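Atoms within a ligand are numbered from 1 in the order they appear, just like the ligands themselves. Every value quoted in this text rests on a predicted model; they were computed, and no experiment measured them.
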Amino acid sequence: MAEWRVAGDGAGNATEKTCAHLPGPVDVSSASALECVDCLVEGSQWVHLRQCLECGEVRCCDQSPRHHATTHYREAAHPLMRSAQPDEEWGWCYVDELFLLAD
Ligand SMILES: [Zn+2]
Ligand SMILES: [Zn+2]
Ligand SMILES: [Zn+2]
């Protein structure tokens, strides 16, 4: 289980802002396969993958043509996600527009 904290604002600068959605119920070890199922259905291709920190669903990032992670946030109202890229350790709160880091 990872403890997340606010790392910076949307521009990556230090901030006093807090995220009321933390600490999240975060057990991301149960990640499903590293693929965007919506892209697979639509025949689209993703650039990077993001994982919802509430339900563990994996979807594609905003650089991807269909940005399904943002769609998932809008539809499911799950505010927190993290990068599912193996070499990246950061998260994001859609509501507060804050970058997060896991301790
Ligand atoms: Zn938040
Ligand atoms: Zn997708
Ligand atoms: Zn979710």
N/O/S of H68 less than 2.8 Å from the Zn ion (ligand 2)?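 Looking at H68, which is the residue asked about, there is an N, O or S atom under 2.8 Å from the Zn ion (ligand 2).
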Salt bridge or not for D38 and R59, using N-O below 4.0 Å? yes
With under 30° as parallel and over 60° as perpendicular, where do the rings of Y73 and Y94 fit, or are they tilted in between? parallel
Suppose we only allow N, O or S atoms; which atom of H21 ends up nearest to the Zn ion (ligand 1)?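 Going by distance to the Zn ion (ligand 1), the closest N, O or S atom in H21 is ND1.
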Quick check for you: with the Zn ion (ligand 1) as the vertex, what angle do SG of C93 and OD2 of D96 span, to 10°?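 Result: 110°, to 10°.
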Metal-centred angle, SG of C36 through the Zn ion (ligand 2) to SG of C39, rounded to 10 degrees: 110°
Under 3.5 Å, is there a donor-acceptor pair between the E42 and H68 side chains? yes
Are R5 and L101 close enough that some pair of their side-chain heavy atoms sits under 4.5 Å apart?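 R5 reaches L101 side chain to side chain.
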Given NE2 of H72 on one side and SG of C55 on the other, what angle do they make at the Zn ion (ligand 3), to 10°? 100°
H78: which N/O/S atom is nearest the Zn ion (ligand 3)?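 Closest N, O or S atom of H78 to the Zn ion (ligand 3): ND1.
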Over 12 foreign heavy atoms within 6.0 Å of CD, E89: no
